[in-house]
Amino acid sequence: MDNKFLKPYEPKEVESDIYSKWRDAGFFNPDVCITKGVTRMDAPTYSIVLPPPNVTGVLHLGHAMMLAIQDTIVRFQRMRGKRTLWIPGTDHAAIATQTKVEKLLQKDGKRKHDLGREAFLKEVDAFAQDSHDTIAKQISAMGASVDWSREAFTLDDTREKAVHTAFKKMYEDGLIYRKEKVINWDPKGQTVISDDEIVHEARKATLYTFKYAADFPIAISTTRPETKYGDTAVAVHPDDTRYAQFVGHTFEVNFAGEQLSIQIIADPSVDPEFGTGALGVTPAHSQTDYDMAQAHNLPLKQVINEYAKMTTSSELVNGLKVEEARTKTVEWLRSQALMIDEQESDQNVSTAERTGAIIEPLPKLQWFVDVNKKFTLKHSHLDGITDGAQVSLKELMTHVVESGQINILPERFEKTYFHWITNLRDWCISRQIWYGHRIPVWYGPDGALSVGQDPHDQSFVQDDDTLDTWFSSALWTFSTLGWPDATEDFAHYHPTDLLETGYDIIFFWVARMILMSTYLLGDIPFKTIYLHGIVRDAKGKKMSKSLGNAIDPLDLIETYGTDAVRMSLLVGIGPGSDTNFSEDKVRAYKKFANKIWNATRFVLEQTTDADFATPDTLTQQDTQYLNDFNSLVHEITKEIEEYKLYLVSEKLYHYVWHTFADIIIEDCKKRIAQGNEDEKKSARHTLRYLLINQLKVLHPFMPFITEEIWQTIHKDNTMLIVSAWPHA
RNA sequence: GGGCGAUUAGCUCAGUUGGCUAGAGCAGUCCGUUUACACCGGAAAGGUCGGGGGUUCGAGUCCCUCACCGCCCACCA
C-alpha cells in the first residue's frame with residue numbers, strides 16, 4: 001500500500017497534476033481517444049457544447065454547477081465507449097462586456113467617444129482576453145474534460161463567417177429586413193434593445209384624465225401627459241355610442257403651445273370601460289399606439305429624442321427631460337382647468353435589464369428578423385416537415401418541441417417555451433454599440449447594397465451598428481463545428497445530444513438556437529434540453545458582486561477540493577429547481593472524499609491485485625453483495641442516461657458510506673480475521689472488486705480522487721477517465 | 001391580468017410511474033482511544049409531510065379548495 005493513504009486525502013496536492021495528465025494524454029479529444037484505441041471509430045457519438053460564459057469577468061457558482069453537471073455526463077458517456085465531444089468556448093457578450101469596459105475606463109477618466117471606435121475596441125479586446133484566461137483556468141479547475149483543441153469564441157473569425165453566412169441567407173429569404181419602427185430605446189445605454197431585454201417594474205403612477213383643450217369634445221386618460229404633444233388621434237371603441245358622432249372627424253387643437261391635429265378613430269382594441277373610454281394615440285412613443293397607427297394610416301409625430309428629452313414646438317416643455325415635462329404639463333392642465341381627474345394607480349414600467357433605465361419607445365430605423373413570414377425550407381431533416389415546405393420561423397420553433405424531437409427537462413418549461421413563441425414579435429437584432437459583430441451590410445452609391453460580404457470598394461460604407469450578441473450565440477451548436485464549411489466535425493457531431501443551461505436564458509438563447517438551427521440546417525440543434533436552476537446564497541438571495549454574497553468557486557476548491565464542490569452542486573438538485581447553497585454541504589462531501597480514501601486504504605491493506613480475479617468459491621453473502629452492487633450499477637446507468645444526476649449522486653454517496661463502508665467492510669473485516677481460507681479469499685475478492693468498480697461509477701462525479709486512487713493501484717499507466725464503465 | 005414553482009426534523013433540502021416503521025447534510029443529546037477513517041463509529045431524540053376536503057385496500061406522492069412565499073410572462077392607456 002502506498003504511504004499516502006496514511007494521511008487524510010489532500011485534494012490540493014493532486015488535482016492540478018491529474019488535470020494536466022488527462023489533458024496531456026489528449027483524452028478530452030475524441031480523435032485522440034480513437035487513435036489511442038480507447039474509443040472505437042464507429043462508436044456512437046455523444047456531443048455537447050459548453051454554454052459559452054461571458055467574457056465579463058469570472059465564473060460564479062452557477063457556472064460551477066453547469067460544469068459539474070456537464071462533465072459528469074460527458075465522463076459517463078466517454079466511459080461507456082461513446083465518441084464523446086464537449087466543445088468549450090466563450091461569448092463576447094457584446095453589450096455586457098462593452099458596459100463593463102466603459103465603467104473601467106471611466107475610473108481612469110477616459111470615455112468611449114474620446115478614444116474612438118478602434119481604440120476603444122482594442123481596450124475591450126484586451127479585457128476580453130484577460131477574462132477569457134481566467135475563465136479557462138476556472139473551467140480546468142472544475143475538472144471539466146472539454147476539448148480545448150476545439151475551443152471557440154463567438155467573435156472569432158470562424159464564427160464571424162457563420163454569422164455573415166446566416167445573415168446573408170436570412171436577408172435573401174426576406175427574413176431579415178430593415179425598417180423604421182417604434183422600438184425599445186434605452187436612453188442610458190444609448191441603444192435599442194429587444195423585447196426580451198426588458199424588465200417590468202411595478203411602480204405607483206398617477207392616471208390623469210383631461211382634455212387637450214377647452215374646445216376639444218373628448219376627455220382622455222394617460223399616465224404620461226408629456227407624450228401627448230405627439231398625439232395624432234383619439235381612439236374609441238366602435239360600439240361606444242358616447243363618441244360615435246365624432247368618429248371620422250379631425251380636430252385642430254392647441255395643446256400647451258403645440259398644434260395638434262387629432263383624428264377620431266374607432267378601434268376594437270380600446271376598452272370602453274377604462275378611464276373615459278377614449279385613448280389618446282401617440283404613434284411615435286408607444287408600441288400599441290404605433291400598431292394602431294399603422295392600421296389606421298395615422299402620421300407619426302416624434303416629440304421625444306434619444307436622450308429622453310422633449311423636442312416639441314411647445315415653449316413650455318421643449319428641451320426638458322420627460323419627467324420635468326410631465327410635471328410642467330400637469331401644472332399647465334390644472335391651471336387651464338382642463339384636468340378632470342388625478343388618480344393614483346399601479347403601473348408596470350419597462351426598464352432596460354442592463355442599465356435599469358426606463359425604456360423610451362421611439363421610432364427608429366433598425367434591422368429585424370421576421371418570425372412570421374413563410375419561406376421555403378429547402379432541405380428538412382425534421383420529422384413531419386418535408387423538403388420545400390412553406391413554413392415560418394415560429395412554426396419551426398414550435399414544431400420541433402411539440403413533435404418531441406426536442407425534449408425539455410423539466411417538462412414544465414415546454415409550456416413556458418410555447419407561450420413565449422405565441423407572443424413573439426419580430427426580433428430586433430441591431431444594436432447601437434461598438435463591441436460585437438458589425439452588421440454585415442455595406443451601403444454603396446445609388447442605394448447599392450452588399451449583404452453578407454465586404455465588397456472591398458471605397459464607395460461602400462459598412463453599417464455602423466452591431467448585432468445583438470444572441471445572434472452569434474444562436475449559431476453555437478454548429479458554428480463551433482466549423483459551419484458553414486462542410487467539416488468532418490459537423491457531419492459527425494451535429495445535432496448535439498444535450499444542451500445543458502440555465503432556465504433563465506431559455507428565451508434569449510435556447511429558443512434562438514432552435515430558430516437558427518431549424519432554419520439554416522433544417523435540423524434540430526440538440527435532442528435534449530436540461531435546464532438547471534439558479535444557485536442562491538444560504539438565505540435564498542441571488543448571488544451578486546454588489547450584494548457581496550457571491551462565492552468564487554476557486555475559493556471553495558482551494559478549501560474543500562473540486563470533487564466535494566462538484567458533489568455539493570449535484571446531489572439533490574433536480575433540473576429546473578433553484579438551490580440555496582451552503583458551505584456545510586461542501587464540507588460534508590470533503591468528508592466523503594476522505595471516507596473513500598480511507599476505505600481504499602483498508603482494502604489495499606487487506607488485498608492484492610490478484611484478489612480481483614473471481615475465486616473458486618464465493619460465499620453466499622459475498623455473492624449477494626456483488627449482485628446488489630451490480631443492480632445498483634444497472635439502476636444508476638439508466639438514471640444517468642435519463643439525466644437524473646441528483647438521484648444518482650446521492651445513491652452513490654449512500655452506497656459507499658452506509659453499505660460498503662459500514663456494512664460490507666465491517667463484515668469482511670471479521671471474516672478475514674476469523675474465517676477459513678475460502679471465506680477469507682471470498683471476502684478479499686469482494687472488497688477488491690467493489691473498490692475498483694466503485695471508483696469507476698464514482699469517477700464521473702468525483703473525477704480527481706477516483707483517478708488518483710486508480711493510478712496508485714494501477715501502475716501500468718492506464719487512466720480511469722478512459723476505462724470502461726462496468727457492465728450491469 | 002395569465003402561467004409556473006415551493007410549503008417535509010431546529011436550519012438547508014431529497015423523496016418522478018401511490019406501497020414495507022418518511023430520508024440526508026448541518027446543528028443538538030448520550031456512549032466509544034475495538035488494528036481504514038475522530039474529516040470516525042455506535043445509540044437515541046426530533047416530523048399532525050402548510051390548512052381543509054376527496055379518490056383509494058393504501059396518499060408526502062393523485063384530484064379539488066384555501067393560505068402564505070417566490071419566480072416568469074403580459075401593449076389596459
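Values below: every heavy atom of this structure, side chains too, minus hydrogens, waters and symmetry copies.
- Classification of the A:Tyr589-A:Tyr653 ring pair by plane angle, with boundaries at 30° and 60°, yields perpendicular.
- Nearer to the 5' terminus of RNA chain B, by closest-nucleotide assignment, is the contact made by A:Val571 (compared with the other of A:Val571 and A:His654).
- Applying the 4.0 Å criterion to OP1 and OP2 of B:G41, one finds that A:Lys595 has a side-chain N or O inside that range.
- A sub-4.0 Å separation between OP1 or OP2 of B:C26 and a side-chain N or O of A:Lys591 is present.
- The side chain of A:Thr223 approaches B:A77 more closely than any other nucleotide in the set B:A77, B:G25, B:C39.
- Here the P atom of nucleotide B:A36 and the CG atom of A:Asn3 are 16 Å apart, to the nearest Å.
- Here B:A74 presents its P atom at 5 Å from NE2 of A:His200, a figure rounded to the nearest Å.
- Each of A:Thr416 and A:His658 was matched to the nucleotide of RNA chain B holding its nearest heavy atom; the match closer to the 5' end belongs to A:His658.
- The aromatic rings of A:Trp332 and A:Phe255 sit perpendicular, their planes meeting at an angle over 60°, well past the 30° parallel limit.
- The aromatic rings of A:Phe5 and A:Trp597 lie tilted to each other, with the angle between the two planes from 30° to 60°.
- Atom CD of A:Glu411 and atom P of B:C4 are 13 Å apart (whole Å).
- When heavy atoms are screened at a 4.0 angstrom cut-off, A:Tyr589 is found touching no nucleic acid atom at all.
- Of the candidates B:A36, B:A77, B:G41, B:A77 carries the atom nearest the A:Val270 side chain, counting heavy atoms from C-beta on.
- Nearest nucleotide to the side chain of A:Asp584, out of B:C26, B:G15, B:C39: B:C26.
- In this structure, of B:U16, B:C73, B:G5, it is B:U16 that holds the atom nearest to the side chain of A:Lys644.
- Of the candidate nucleotides B:C4, B:A36, B:C73, B:C73 has the atom lying nearest to any side-chain atom of A:His419.
- Judged purely by atom type and a 3.5 angstrom limit, A:His685 uses its side chain to pair as donor or acceptor with the backbone of A:Asp611.
- Separating the CG atom of A:Asn423 from the P atom of B:C73 is a distance of 11 Å, rounded to the nearest angstrom.
- Between the P atom of B:G15 and the CG atom of A:Leu645 lies a distance of 13 Å, rounded to the nearest Å.
- Comparing atom distances between the A:Asn580 side chain and each of B:A36, B:C26, B:C13 picks out B:C13 as nearest.
- If you check distances only, the side chain of A:Lys415 never reaches the base of B:C4 with a donor-acceptor pair under 3.5 Å.
- The side chain of A:Asp271 lies closest to B:C76, out of B:C76, B:C72, B:G25.
- Among B:A36, B:A14, B:G5, the nucleotide with an atom closest to any side-chain atom of A:Ser577 is B:A14.
- Between B:G47 and B:C13, the two C1' atoms lie 14 Å apart (nearest whole Å).
- Relative orientation of the A:Phe216 and A:Tyr212 rings is perpendicular, given thresholds of 30° and 60° on the angle between their planes.
- Taking each heavy atom of A:Phe704 and A:Glu15 in turn, the nearest pair found is CE2-O, 3.1 Å.
- Taking the P atoms as reference points, B:U65 lies 27 Å from B:C76, given to the whole Å.
- B:A59 and B:G41: their C1' atoms are spaced 37 Å apart (whole Å).
- A:Lys4 pairs in a salt bridge (charged side-chain N to carboxylate O under 4.0 Å, His left out) with only one of the listed residues (A:Glu13, A:Glu708, A:Glu10), which is A:Glu708.
- Taking atom C1' on both nucleotides, B:A27 is separated from B:G46 by 12 Å, rounded to a whole Å.
- Rounded to the nearest Å, the gap between the C1' atom of B:U61 and that of B:C49 is 10 Å.
- Under 4.0 angstrom from either OP1 or OP2 of B:A36 there lies at least one side-chain N or O belonging to A:Lys669.
- Contact annotation: side chain of A:Asn348 to base of B:A74, donor-acceptor pair present below 3.5 Å.
- B:A44 and B:C30: their C1' atoms are spaced 7 Å apart (whole Å).
- Using atom P as the reference point in both B:U56 and B:C63, the two lie 16 Å apart (nearest Å).
- Under 4.0 angstrom from either OP1 or OP2 of B:G41 there lies at least one side-chain N or O belonging to A:Trp657.
- Only the C1' atoms considered, B:A14 is 11 Å distant from B:A22, to the nearest whole Å.
- The base of B:A36 sits with one of its N or O atoms less than 3.5 Å from a complementary donor or acceptor on the side chain of A:Glu666.
- Proximity note for A:Phe274 (side chain, C-beta onward) versus B:G25, B:C73, B:A77: the nearest is B:A77.
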